[in-house]
Amino acid sequence: MKDIKIAQIIVDNKCKETDRVYSYLIPDDMNLSIGHRVIVPFGRSNKKVEGYVVGITDSIDFEINKLKSIISLTSNEVFLSPNMLKLIAWIREKYLCYYIEAIHGALPANIRIKNTYRYELNNSNKGIDLLKEGYPEILTEIVEFIVENGDSATKEELRDNFNDNLLENALKKLIKLGILRKRQIIKKQESIKYDKFVYPNNTHNMIISAAAKKQKLLMDLVCKNPGINIEVLKKDYSIGQETINTMLKKGYIKVEEREAYRLTQEELPLEEKKVLTVEQQRAVKEIKNYFDEGNHVLLNGVTGSGKTEIYLQLIETELEKGKQGIVLVPEISLTPQMIRRFISRFGNTVAVLHSGLSSGEKYDEWRRIAEGKAKVAIGARSAIFAPFNNLGIIIIDEEHESTYKSETRPKYDAREVAMKRSEIEGANLLFGSATPSIESYYKAVNNLNRMKLVSIDSRVNNKKMPDIEIIDMREELKSGNKSIFSNRLTEEINNALNSGNQLILFLNRRGYSTFVSCRSCGYVAKCPNCNISLTYHAKGDYLSCHYCGYSKANPKVCPSCKSKYIKYFGIGTQRVEKEFEGAFGKIKILRMDADTTTKKNSHKLILDKFRNKEAQVLIGTQMIGKGHDFPDVTLVGIITSDTYLNLPDFRAGERTFQMVTQSAGRAGRGDKPGVVIIQSYSPHHYSLIHARKHDYVGFFKDEIRLRKEMNYPPFSHLGQIVISGYKEDKVIRAAREVGDLINSLRSDKKDIEIWGPSPAPLSRINNRHRWQLVLKADKENKLLELIKDFYSSNTLNLSEIGISVDINPLSML
């Protein structure tokens, strides 16, 4: 009996019932490996679907003749290494997602296979007579279109020409009548780009007519520039394809195709390795010692302490060993700056992975890594899945940033994934930040999860930290200043402008979650149960807590000082720009926010203009408040520090300290001293007091005391269940049903707290109403067990309702 080989496959079908491994027979002539991508027949209709091979075996516990066979191998490329498959399996369990969602999370979307359908005519004569039969006119129109299209049309072609609402039923009717047949087409998404280059060939007996001027020009160019790009000939010299074909036929030229990369990196001179300061040398020595002992490291270095140079030298050490490295940055806006540093040190061995790239560019970069042509990958969150096969180090810069947590399934945290990947691959792991997350710092100081702490307390060459002043905006109001610029900030803006220096105005505006505050005394309406700011709801004019559900009427006068200056809070960047122009005249201003960064490379263009001193003032949101190095910035003004402070989130104090410290760190990085002005209605809040003194340790001690008191992370774990839909009454009813089911399942897990259901802080997004439940437990596995029980027991009739689960969310909004 011949040997039988069976592939264990995850099929591309996002469904609770199909979230498992399927077995398929491997054809005798197919050379298959774990990690390959295949096409398989699936379901009763044997629809062709994409699948990923996660195992190969020679036995199963049911009859072989029930197995279907793999249809085809999509390519010889191994898409998922054994180590990556281990990581994917862990993500599925950790973040409660489907297996295929975890696979899709690890792979660029553009390498996936796309299914489409082609509708072909069975009998054109029968179709033309449709109107006489009394059928709807659209049936005849579709048939006539298909006839004119060569007796077949794709689903996309039909959608471009007919109303989508009517099309689906019309096509079903035509198939039922036997007029059309439907054929599935598998299309690969990815494509390799090739450029063509022209070389001279057999030119010794070349004869060209004097009248053939284009042919002569072509041969002159090719002989002088062998290997000239065919597109250059066409665009720059107007030489047509016909002329090129004529010369090819005569044998005077030959054309060679070469793979081309769509992403062209900036040409930069190679940078020499910098001599480290004594502080940096000590830090590197400590980090390497901890790595040798098998530990992860948190590098807590003040802004301007030279953390990037440490990253570069640690990566270089791994490259010298023949290994590779991943560097994560939190936002696209920070990527160009980091890329510039790394390319100037490591040249074209650097690959870039982030959402600002086109599909083709992403595919090319992913392929360069997979083929071993790139040794270092820099990018945002998803770069943690860069397909290296000999990973030596993972570095996560600005590790405190919430952007490392995915907001779509799988809702993974790149820091946790990095820990697991470093464990699987035997790679070193370094977190870096001037303002580490409370959870990471707590682990490091208590040596939990193999995390160790290394600190740098001074800037490179002992440059002075900027002077920070906190301005009480309540006093400004009392003195009659109703402007968004305090008198002190106005004075410093004039000083910077008159001295020819640059300045940054930072607006901490998230654009949502309005809170209620008194401009006269600084009072903020808070929940008596959770110590979290209450959220203002315009509809109904009330305040509510989105943790426990507490609510009350919106006060008309301040409960603390009886002032009438109490209202919901919010200022936008455009208003800051307009008021700046009104107060300081026509100064060249750049604005960097969600509105000005919609186009490709817009982050880089704005930052480059500011770096090149094409503007004196940069106004922006959180995307300009971290990581950037502008040597001529002497003033940073934080227009309002209260927005984060009063978000309905227990991390509000932490976010505020991080925002103020990171923004302040943009000042005084060159040879000129820096000044930072913080405007606040809560000037005595502990997060601002510690930020003014550049005192992270002091802030951590105050914050961790509060966290312990309220039993918030890192002393507990949270789970968030969001119920959403277009009809509010259905959402409320579903939320209560989910709450009842969760409570019944918790019967033997009384140590898990359940808050809600209550309206989510963002109670409506894109016309979808949102309610939530928040779960809190001392152990993460207890939360996971309860939510898994909920998934398996959920027999609720929740039509038109979406349910989203997040384990340890970084934002409760």
Side-chain angles (χ1 to χ4, degrees), residues 72-77 108 110-111 113-114 116 118 148-154 156-157 160 185-270 339 343 347-352 356-375 599-601:
S72 64
L73 186 62
T74 63
S75 71
N76 290 321
E77 200 168 1
N110 58 309
I111 72 165
I113 283 174
K114 185 181 178 184
T116 190
R118 181 169 283 281
E148 289 170 11
N149 207 53
D151 287 356
S152 76
T154 64
E156 289 75 19
E157 288 169 338
D160 287 343
I185 300 170
I186 300 286
K187 293 200 306 187
K188 285 188 183 181
Q189 292 276 91
E190 79 275 12
S191 62
I192 297 173
K193 184 187 175 190
Y194 291 95
D195 278 349
K196 294 180 179 180
F197 301 89
V198 185
Y199 292 86
N201 186 55
N202 296 328
T203 56
H204 49 281
N205 292 322
M206 184 170 60
I207 300 171
I208 298 176
S209 163
K213 292 180 181 177
K214 286 290 182 184
Q215 292 180 17
K216 187 172 186 312
L217 174 61
L218 170 61
M219 293 313 302
D220 285 345
L221 288 166
V222 171
C223 290
K224 287 176 185 173
N225 308 282
I228 189 169
N229 192 309
I230 204 165
E231 291 305 314
V232 172
L233 293 171
K234 290 177 179 180
K235 286 179 183 175
D236 295 356
Y237 298 99
S238 302
I239 294 172
Q241 187 64 47
E242 194 179 334
T243 304
I244 294 168
N245 290 343
T246 301
M247 292 294 100
L248 274 169
K249 235 178 237 180
K250 291 182 176 181
Y252 296 155
I253 60 172
K254 62 181 179 181
V255 175
E256 289 183 7
E257 274 191 344
R258 288 204 296 271
E259 189 176 334
Y261 293 106
R262 280 158 274 217
L263 183 66
T264 52
Q265 299 285 18
E266 193 176 350
E267 290 284 335
L268 294 169
L270 283 178
I339 291 168
I343 289 176
N348 63 2
T349 63
V350 176
V352 183
L357 305 180
S358 70
S359 291
E361 288 169 341
K362 280 183 203 166
Y363 175 57
D364 287 350
E365 293 296 277
W366 187 87
R367 211 172 69 258
R368 281 209 307 133
I369 296 167
E371 292 171 356
K373 293 174 183 174
K375 306 296 182 187
K599 293 181 181 175
K600 183 170 177 167
N601 294 326

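- For residues 225-240, the set of pairs meeting the side chain to side chain donor-acceptor pair (under 3.5 Å) definition, not counting sequence neighbours, comprises K234-Q241.
- With rounding to the nearest 0.5 angstrom, the NZ atom of K214 is 13.5 Å from the CE atom of M247.
- Residues I253 and L248 share a closest heavy-atom pair of O-CD2, 3.6 Å.
- Listed by chain and residue number, nothing satisfies the salt bridge (charged side-chain N to carboxylate O under 4.0 Å, His left out) test with R118 (two or more places apart in sequence, or in another chain).
- Taking CD1 of I230 as the reference point, atom CD of E257 lies at 9.5 Å (rounded to 0.5 Å).
- Annotation for L218 and I239: closest pair CA-CD1, 3.8 Å, computed over non-hydrogen atoms.
- With sequence neighbours left out, T246 forms a side-chain contact (heavy atoms from CB on, under 4.5 Å) with Q215, K250.
- Separation of atoms CG (N149) and CD (E157) is listed at 5.0 Å; rounding is to 0.5 Å.
- Residues forming a side-chain contact (heavy atoms from CB on, under 4.5 Å) with A374 (at least two apart in sequence, or on another chain): A351, R368, I369.
- Qualifying salt bridge (charged side-chain N to carboxylate O under 4.0 Å, His left out) partners for D195, counting only residues two or more places apart in sequence or in other chains: none.
- The closest donor-acceptor contact from the side chain of E256 to the backbone of F197 lies at 3.5 Å or more, if one exists at all.
- Here the closest non-hydrogen pair linking E365 and V352 is OE1-N, 2.8 Å.
- Counting only distance, with no hydrogens or angles, the side chain of K213 and the backbone of A210 share no donor-acceptor pair below 3.5 Å.
- Legend: residues meeting side chain to side chain donor-acceptor pair (under 3.5 Å) with E242, ordered by chain and number and at least two apart, are absent.
- Y261 meets the side chain to side chain donor-acceptor pair (under 3.5 Å) test with K373; sequence neighbours excluded.
- Within 6.0 Å of CG on D160 lie more than 12 heavy atoms contributed by other residues, nucleotides or ligands.
- Applying the side chain to side chain donor-acceptor pair (under 3.5 Å) test to pairs two or more places apart or on separate chains, those with a residue in residues 197-206 are Y199-R258.
- Residues satisfying the salt bridge (charged side-chain N to carboxylate O under 4.0 Å, His left out) criterion with K216, sequence neighbours excluded, are D220.
- For E156, there are no salt bridge (charged side-chain N to carboxylate O under 4.0 Å, His left out) partners, not counting sequence neighbours.
- Between the NZ atom of K375 and the CG atom of N348 there is a distance of 11.0 Å, given to the nearest 0.5 Å.
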